[in-house]
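All of these numbers come straight from a predicted model, not from anything done at the bench.
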Amino acid sequence: MAGTGSAPAAPGGAQGATSGPPVAPRPLDPIDRSIMRLLQADGRASIRSVAEQVHVSRANAYARINRLIDDGVIRGFTARVNHERAGQGASAYITLKIVQNSWRTVREQLRELPGAAHIALVSGDFDVLLLVHTPDNRTLRELVLTRLQAIPEVLSTRTLLVFEETDLLSPGPGSGPTIAEE
């Protein structure tokens with residue numbers, strides 16, 4: 001969002017982190033959902049632009065956005081990066097089987113990996129799904145064979161190379177980022 005200065009920190013620390021008792025989900029109305037979709041497509045959208053698009057006053061849009069942030073529904077604002085153009089041309093999802101009850105230890109070690117973009121504890125045939133972006137396949141190979149497989153709690157890995165990505169949150173073609181008006 002334009003003019004906010006800095007992105008709010010996620011409750012309890014890093015994005016996705018949970019601490020303390022679970023909080024009941026906040027009921028969202030259609031206007032809140034529209035605001036969230038707009039901000040997901042363009043986190044730099046101005047309050048005025050958001051208000052016009054969801055057909056509420058600027059004061060109402062401002063109050064709703066702040067409430068969504070305060071309630072932890074919106075955890076922050078970020079930029080979507082074209083990793084190839086940023087010199088990170090090799091991407092992969094890596095599945096890991098880990099020692100039972102070692103999730104917290106493994107998660108902390110995975111956070112330190114260069115290029116780690118997303119970490120998820122999942123159910124199924126493997127325990128962890130890790131998304132990484134590296135400059136090239138050689139760096140990716142070193143990351144998997146040297147760094148990941150050296151973690152004692154990692155029992156096995158499987159690497160799935162990403163050939164092409166489609167960002168479902170991106171606005172349509174030809175509608176790149178714009179400077180938000182006040």
Side-chain angles (χ1 to χ4, degrees), residues 1-2 4-20 22 36-45 69 72-180:
M1 235 172 44
T4 58
S6 65
Q15 262 189 329
T18 57
S19 63
M36 288 186 337
R37 274 193 300 279
L38 288 169
L39 293 176
Q40 283 178 305
D42 181 5
R44 298 185 326 163
I69 292 168
V73 174
I74 294 177
R75 296 184 301 174
F77 299 88
T78 186
R80 288 189 307 276
V81 175
N82 180 325
H83 295 284
E84 203 167 331
R85 296 205 45 164
Q88 301 289 303
S91 296
Y93 287 96
I94 304 169
T95 65
L96 295 85
K97 289 186 181 182
I98 61 174
V99 172
Q100 189 173 5
N101 297 320
S102 66
W103 162 242
R104 287 176 181 81
T105 302
V106 171
R107 178 183 59 200
E108 295 312 311
Q109 293 177 72
L110 296 177
R111 281 184 171 159
E112 301 300 318
L113 291 175
H118 184 83
I119 306 164
L121 178 65
V122 298
S123 65
D125 294 335
F126 49 90
D127 304 305
V128 178
L129 183 63
L130 169 68
L131 172 62
V132 296
H133 303 288
T134 61
D136 51 42
N137 283 342
R138 175 175 295 210
T139 307
L140 176 61
R141 183 187 71 217
E142 289 301 313
L143 183 121
V144 172
L145 297 179
T146 306
R147 302 283 301 267
L148 278 178
Q149 293 182 358
I151 298 172
E153 297 86 359
V154 172
L155 302 173
S156 67
T157 64
R158 178 178 235 168
T159 303
L160 307 153
L161 291 176
V162 174
F163 294 131
E164 184 177 314
E165 293 181 272
T166 301
D167 187 352
L168 300 178
L169 296 178
S170 291
S175 58
T178 58
I179 307 265

Worksheet entry | Derivation and outcome, side-chain contact (heavy atoms from CB on, under 4.5 Å), residues H118 and L130 | CA-CA 6 Å; H118 184 83; L130 169 68; over 6 Å; no
Worksheet item: Distance-only, no hydrogens or angles: does the R107 side chain make a donor-acceptor pair with backbone N or O of L121 under 3.5 Å?
Response: no
Worksheet item: Would R147 and L145 satisfy side-chain contact (heavy atoms from CB on, under 4.5 Å), going step by step from the backbone distance to the final call?
Response: CA-CA 6 Å; R147 302 283 301 267; L145 297 179; over 6 Å; no
Fill in: Residues, nucleotides or ligands: over 12 heavy atoms within 6.0 Å of R141 CZ
yes
Discussion item. Can you confirm whether L129 sits close enough to I94 that some side-chain heavy atom of one is under 4.5 Å from a side-chain heavy atom of the other?
Written reply: no
Item to complete: Of all the heavy-atom pairs spanning R111 and I119, show the shortest one and how long it is.
Response: N-CD1, 3.8 Å
Discussion item. Could you report the tightest heavy-atom contact between A41 and R80, atom names first, then the distance?
Written reply: O-NH2, 3.2 Å
Fill in: Single hit among D125, L160, T157, D127 for side-chain contact (heavy atoms from CB on, under 4.5 Å) with T95
L160
Discussion item. Please report the interatomic distance CD1(I98) to OG1(T105), rounded to the nearest 0.5 Å.
Written reply: 9.0 Å
Worksheet item: What pair of heavy atoms forms the shortest contact from Q88 to H133, and how long is it?
Response: OE1-O, 2.8 Å
Discussion item. Has R44 got a side-chain atom pairing as donor or acceptor with L39's backbone, closer than 3.5 angstrom?
Written reply: no
Fill in: Side chain to side chain, K97 and R158, heavy atoms closer than 4.5 Å
no
Practice prompt. Mind listing the closest non-hydrogen atom pair of F126 and V128 along with its distance?
Written response: CD1-O, 3.5 Å
Discussion item. How close do A116 and V132 get, counting heavy atoms only, and between which atoms?
Written reply: CA-CG1, 4.0 Å
Worksheet item: Heavy-atom distance under 4.5 Å between the side chains of Q149 and S156, does that happen here?
Response: no
Item to complete: Go through the steps to decide whether I151 and L96 satisfy the test side-chain contact (heavy atoms from CB on, under 4.5 Å), and finish with yes or no.
Response: CA-CA 11 Å; I151 298 172; L96 295 85; 5.8 Å; no
Worksheet item: Got more than 12 heavy atoms from elsewhere within 6.0 Å of CD, E108?
Response: yes
Practice prompt. Report the C-alpha distance between L148 and L110 in whole Å, list the side-chain angles of each, state the deciding distance to 0.1 Å, and finish with yes or no for side-chain contact (heavy atoms from CB on, under 4.5 Å).
Written response: CA-CA 8 Å; L148 278 178; L110 296 177; 3.3 Å; yes
Discussion item. Quick one: does any side-chain atom of T146 pair with a main-chain N or O of E142 as donor and acceptor, under 3.5 Å?
Written reply: yes
